[in-house]
Amino acid sequence: MEDAVLPDGDELSAAGLRLEVDGEVARIALARPERRNAMTGRTWRALAHVGQALPESVRIVVLSGDGPSFSAGIDLAMFSPEGVPGERTLMADVGEAPEQRAALDAGIAAYQEGFTWLRRPDIVSVAAVQGHAIGAGFQLALSCDLRVLADDAKLCMKEPALGLVPDLSGTKPLVDIVGLPRAMELCLTARTVQADEAERLRLAELVVPGDELATTVDDLVAALAAVPRDAASATKELLQGAPGRTLDEQCAAERTAQADRLISMAAQMGG
Ligand code: ACO
């Protein structure tokens, strides 16, 4: 198989992203602070491209946003008849005809790919969130394994207030984290959750003063990197599977995973 090639500078800048890969750690920044890191279809396609092309060395991915807000969500120009320069408007060709529905389905699926890879067992993803994380911005934070919030963070699932549903993979982690009634309350009121409440709702692993966000994330990255990689990914996979299994099934999954670990350790000792 040909080695995948990461997005180049032009693709990243058109997508409003920056990317730095340094050994085990990839850092992706939303880099349109003058638009509060509003995201377009290009942003999500480029994120998917990053996920597909990440070097095997990478085991930790940090997502952050430049400027005062993590992300103001979808670029609202995507809904305008003119759309975003260089992109088709979301409203183009929307219709009931089966081919139109299929095209829309495929288009949204492509956007979702920009989010879902962040759950892969071979990486741990961390969102560093300051200021607003609205709509697609909140869903991007939710698509990461862990969230570190600055104390000025404000989370809002705004889609229903705009006549839409959240469709960038965020509903599943939201329900998993806060439970169904609270997820309904948050989405169906589209209210804003401040950092202290986010911590109580387990939407944040850590909340820190804004000027400590970067160093706190660095410390977390260092702690994650200190655990052996294969054990970390096997454990992540085990934990991810737990909610869908019975206790007996989970015990069996633990035995299988442990046998794999022990076989690998024995092979290393023997070799
Ligand atoms: N799309 C396009 N442009 C945006 C967006 C957006 N989502 N959010 C902010 N901007 C632009 C503003 O229009 C403004 O542009 P201007 O300088 O040309 O006037 C600039 O970014 C700065 O925005 P301000 O509103 O001045 O920044 P402030 O820090 O005061 O407020 C906030 C930030 C709260 C995020 C506000 O901009 C906002 O409410 N944005 C819209 C949020 C939204 O509804 N997103 C869609 C959610 S649904 C979804 O994502 C699917």
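Atoms within each ligand, like the ligands themselves, are counted from 1 in listed order. As a basis for the values below, the full set of heavy atoms in this structure was taken, side chains included, without hydrogen atoms, waters or symmetry mates.
Distance remark: protein heavy atom not present below 4.0 angstrom from atom 36 (C) of ligand 1. In this structure, atom 31 (O) of ligand 1 has no protein heavy-atom contact shorter than 4.0 Å. Atom 45 (N) of ligand 1 is flagged as protein-proximal [any protein heavy atom, distance under 4.0 Å]. In this structure, atom 25 (O) of ligand 1 has its sub-4.0 angstrom surroundings free of protein heavy atoms.
Residue A136 has at least one heavy-atom neighbour below 4.0 Å for each of these atoms of ligand 1: 49 (C), 50 (O). For ligand 1, the atoms closer than 4.0 angstrom to any heavy atom of E34 are 20 (C), 21 (O), 22 (C). Set against the non-hydrogen atoms of G73, the atoms of ligand 1 under 4.0 Å away are 50 (O).
Among all non-hydrogen protein atoms, the one lying nearest atom 38 (C) of ligand 1 is I134 CD1, 4.5 Å. For atom 40 (N) of ligand 1, the nearest non-hydrogen atom of the protein is A72 CB, 4.1 Å. The nearest protein atom to atom 7 (N) of ligand 1, hydrogens excluded, is given as I74 O, 2.9 Å; this is a heavy-atom distance. The protein heavy-atom contact nearest to atom 4 (C) of ligand 1 is R35 O, 3.9 Å. The single protein non-hydrogen atom nearest to atom 34 (C) of ligand 1 is H132 CE1, 3.4 Å, given as residue, atom name and distance. The nearest protein atom to atom 41 (C) of ligand 1, hydrogens excluded, is given as L76 CD1, 4.0 Å; this is a heavy-atom distance. The nearest heavy-atom contact from the protein to atom 28 (P) of ligand 1 is R36 NE, 3.7 Å. In this structure, the protein non-hydrogen atom closest to atom 2 (C) of ligand 1 is D75 OD1, 3.3 Å.
The heavy-atom pair separating A26 from L54 by the smallest distance is CB-CD2, 4.0 Å.
Remark: K172 engages D176 in a salt bridge, criterion side-chain N to carboxylate O under 4.0 Å. Looking at D122 and K236, no side-chain N of the basic residue comes within less than 4.0 Å of a carboxylate O on the acidic one, giving no salt bridge.
Ring planes of Y111 and W44: perpendicular class, angle over 60° (limits at 30 and 60°).
Using a 4.0 Å heavy-atom cutoff, Q139 is absent from the residues neighbouring ligand 1.
Residue contacts with ligand 1, taken as heavy atom pairs separated by less than 4.0 Å, involve L162 solely via side-chain atoms from C-beta onward.
For T40 and E87, the side-chain atoms include at least one donor-acceptor pair closer than 3.5 Å.
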